[in-house]
Enquirer: 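Sharing a structure below in structure tokens format, with a few things to ask.
Reckoned from all heavy atoms, side chains included, excluding hydrogens, waters and symmetry mates.
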Amino acid sequence: MQIFPSLHAGYSTYDPDKEIPYLQGKVILVTGANAGLGYKSAEMLASKGAKVYVGARDETRGNAAVQSIRDRISSLSSAGSAGAEAFLRLENRLDVLIHNAGMQVKGYSTVSEGGLTFNKIMSTNHLGSFVLTQELMPVLKRTAAEPNSDVRIVVVSSAAHLQAPEKPDFRNLEGWNAPKGDGVRDSFTRYAVTKLANVLFTRELQSRLDAENVPITCIALHPGLVVTEGASNPNTTGILTYLWKLIMATLALNLLEGSYTILFAATSQKIKEEPTKYKGSYLQPFNRLAEISAYAKDGQLAKDLWACSEE
């Protein structure tokens, strides 16, 4: 297959049926997998023999996704819906953690937790992944210590991280919550900053694991311009909405194609054979290493983000 995968990249080829190895014995957790890219990724991984857990904010939708995958794959050995606590009660290993959960928010909205008020999109797109990774790190490290292990943490970011208009301030909550406007520009800026946070988190996590000599590979990626629910409902009105829908209809990937970069990052033998090449990397469709923004390379910015996330 050869297609134009995004507005930021050229042509690429990938055949998941041929390139994904048999995954019997692998345990994989995919967040945001009740629909869209997460669902398609979970479905394909399960079809290759992996034991897949579906992470979803809505338990009912998560269970429905699991049942749908079971209905489609008659040979499916096991799948389940679970958050971190439930997962740790059920499993003693985790080979691949895929952070796919995310959202696009029209207008400014917040969530409150522990007496603090967070920008909702930053909480969902970054902080949720950060917290879940910390909760699952013991089982990830335990699996990585086994002979011939191949543990990976995959973070779905976006080429939108390149569009962050200025360097964010992650040293405090006020910086996290900026900008606060409801317009199209501010809404997109908030989204771009969260995708930048995904790349910074991936690189800082890799740096910390390397410092501990933990053999886990962390990869961030841009899945391409994909016909997802969020991308199909832009923060625009009038003629801009019409033009966006025209772009989506002519250039966007379908959900299966949009999952290809995720599947490559999660399963490719090339990554196991050349871990140094891929550790802390950023991929674009479907299997190519890509450049990141200058802000994404800022080591101090990554440390500020990590420190504030811990607090």
Enquirer: Are L255 and Y39 close enough, and set up right, to give a side chain to side chain contact (heavy atoms under 4.5 Å, CB included), and what steps lead you there?
Expert: CA-CA 9 Å; L255 288 174; Y39 175 86; over 6 Å; no
Enquirer: With ring-ring contact (aromatic ring centres under 6.0 Å, His included) as the rule and sequence neighbours excluded, what pairs involving residues 290-311 come up?
Expert: F130-W306, F201-W306
Enquirer: Checking L116 now: which residues fulfil side-chain contact (heavy atoms from CB on, under 4.5 Å) with it, not counting sequence neighbours?
Expert: F118, L173
Enquirer: Please test V139 against L88 for side chain to side chain contact (heavy atoms under 4.5 Å, CB included), starting from the C-alpha separation and ending with a verdict.
Expert: CA-CA 8 Å; V139 71; L88 292 172; 3.9 Å; yes
Enquirer: So does T117 get a backbone contact from the side chain of N177, meaning a donor-acceptor N/O pair under 3.5 Å?
Expert: yes
Enquirer: Would you please say whether a donor-acceptor pair under 3.5 Å links the side chains of H126 and S309?
Expert: yes
Enquirer: Using a 4.5 Å cut-off between side-chain heavy atoms of Ile, Leu, Val, Met, Phe, Trp and Tyr, which other residues end up in the same hydrophobic cluster as Y22?
Expert: none
Enquirer: So which atom in V27 and which in E91 form the shortest heavy-atom distance, rounded to 0.1 Å?
Expert: CG2-OE1, 3.9 Å
Enquirer: Around atom CD of E310, are there more than 12 heavy atoms from other residues, nucleotides or ligands closer than 6.0 Å?
Expert: yes
Enquirer: Working to the nearest 0.5 angstrom, can you tell me the gap between N287 CG and T13 OG1?
Expert: 6.0 Å
Enquirer: Got a sec, which residues hit side-chain contact (heavy atoms from CB on, under 4.5 Å) with R185, two or more places apart in sequence or on another chain?
Expert: T189
Enquirer: Taking the side chain as everything from C-beta on, heavy atoms only, tell me whether L45 gets closer than 4.5 Å to I98.
Expert: yes
Enquirer: Any sub-3.5 Å donor-acceptor pair from Q206's side-chain atoms to C218's backbone N or O?
Expert: yes
Enquirer: Should L97 and L140 count as side-chain neighbours, where that means a heavy-atom distance under 4.5 Å?
Expert: yes
Enquirer: On the 0 to 90° scale, with breaks at 30° and 60°, tag the F170-W176 ring pair as parallel, tilted or perpendicular.
Expert: perpendicular
Enquirer: Charged N to carboxylate O under 4.0 angstrom, R93 versus D95?
Expert: yes
Enquirer: Could you state the interatomic distance from CZ (R190) to CD (Q104), rounded to the nearest 0.5 Å?
Expert: 12.0 Å
Enquirer: Test of understanding: with side chain to side chain donor-acceptor pair (under 3.5 Å), list the residues that count as partners of K167, not counting sequence neighbours.
Expert: D298
Enquirer: Under a 4.5 Å side-chain heavy-atom rule over Ile, Leu, Val, Met, Phe, Trp and Tyr, are M103 and Y108 clustered together?
Expert: no
Enquirer: Got a second to check how far S109's OG is from K120's NZ, nearest 0.5 Å?
Expert: 5.0 Å
Enquirer: Salt bridge or not for E43 and K48, using N-O below 4.0 Å?
Expert: no
Enquirer: Any side-chain to backbone donor/acceptor pair from S187 onto G183? Under 3.5 Å, distance only.
Expert: yes
Enquirer: May I ask you to decide whether D186 forms a salt bridge with K180, counting only side-chain N to carboxylate O separations under 4.0 Å?
Expert: no
Enquirer: Can you give each donor-acceptor pair under 3.5 Å made by side-chain atoms of residues 262-271, sequence neighbours left out, with the distance rounded to 0.1 Å?
Expert:
from: T267; atom 1: OG1; to: L263; atom 2: O; distance (Å): 2.7
from: S268; atom 1: OG; to: K270; atom 2: N; distance (Å): 3.1

Enquirer: Considering only heavy atoms from C-beta outward, does the side chain of N198 approach that of V156 to under 4.5 Å?
Expert: no
Enquirer: Roughly how far, to the nearest 0.5 Å, is CD of E273 from CG of D150?
Expert: 10.0 Å
Enquirer: So do L205 and M137 actually touch side chain to side chain, heavy atoms under 4.5 Å?
Expert: yes
Enquirer: For the residue pair F286 and Y14, categorise the inter-ring angle as parallel (less than 30°), tilted (30 to 60°) or perpendicular (more than 60°).
Expert: tilted
Enquirer: Grab the two heavy atoms, one from G258 and one from P223, that are nearest each other, plus how far apart they are.
Expert: O-CB, 3.6 Å
Enquirer: In the hydrophobic clustering that connects Ile, Leu, Val, Met, Phe, Trp and Tyr at side-chain heavy-atom distances below 4.5 Å, which members other than Y282 occupy its cluster, ordered by chain and number?
Expert: V199, I292
Enquirer: Would you name the heavy atoms of K195 and A160 that are closest together and state the gap between them?
Expert: CG-CB, 4.5 Å
Enquirer: What distance separates L301 CG from L200 CG, expressed to the nearest 0.5 Å?
Expert: 5.0 Å
Enquirer: Compute whether any side-chain donor of one residue and acceptor of the other, for T194 and H161, lie under 3.5 angstrom apart.
Expert: no
Enquirer: From the options L23, L29, V30, select the one residue that forms a side-chain contact (heavy atoms from CB on, under 4.5 Å) with V52.
Expert: V30
Enquirer: Do L94 and V151 touch side chain to side chain, with heavy atoms closer than 4.5 Å?
Expert: no
Enquirer: Check side chain to side chain donor-acceptor pair (under 3.5 Å) between N172 and all other residues, then give those that pass, not counting sequence neighbours.
Expert: none
Enquirer: Taking only residues two or more places apart in sequence or in another chain, which ones pass salt bridge (charged side-chain N to carboxylate O under 4.0 Å, His left out) with E212?
Expert: K141
Enquirer: Return the minimal non-hydrogen interatomic distance between H222 and A159, and the atom names on each side.
Expert: ND1-N, 3.0 Å
Enquirer: What I'd like to find out is whether the side chain of M122 reaches to under 4.5 Å of the side chain of L127, using heavy atoms alone.
Expert: no
Enquirer: Testing the basics here: between A197 and L305, what is the closest heavy-atom pair and its distance to 0.1 Å?
Expert: O-CD2, 3.5 Å
Enquirer: For the residue pair K279 and D210, establish whether any side-chain heavy-atom pair is separated by less than 4.5 Å.
Expert: yes
Enquirer: For N148, what residues pass the side-chain contact (heavy atoms from CB on, under 4.5 Å) criterion, not counting sequence neighbours?
Expert: K272
Enquirer: Can you name the residues that form a side chain to side chain donor-acceptor pair (under 3.5 Å) with E19, not counting sequence neighbours?
Expert: none
Enquirer: Which heavy atom of L37 sits nearest a heavy atom of S259, and at what distance?
Expert: CD2-N, 3.7 Å
Enquirer: Where the side chain of K51 meets the backbone of Q24, is there a donor-acceptor pair that is under 3.5 Å apart?
Expert: no
Enquirer: So, taking the atom named OG1 in T124 and the one named CG in N119, what distance separates them when rounded to the nearest 0.5 Å?
Expert: 9.0 Å
Enquirer: Less than 4.5 Å apart, any side-chain heavy atom of Y191 and any of N125?
Expert: yes
Enquirer: Checking T110 now: which residues fulfil side chain to side chain donor-acceptor pair (under 3.5 Å) with it, not counting sequence neighbours?
Expert: none
Enquirer: Report the C-alpha distance between Y260 and L253 in whole Å, list the side-chain angles of each, state the deciding distance to 0.1 Å, and finish with yes or no for side chain to side chain contact (heavy atoms under 4.5 Å, CB included).
Expert: CA-CA 10 Å; Y260 287 176; L253 305 174; over 6 Å; no
Enquirer: Any side-chain to backbone donor/acceptor pair from S129 onto H99? Under 3.5 Å, distance only.
Expert: no
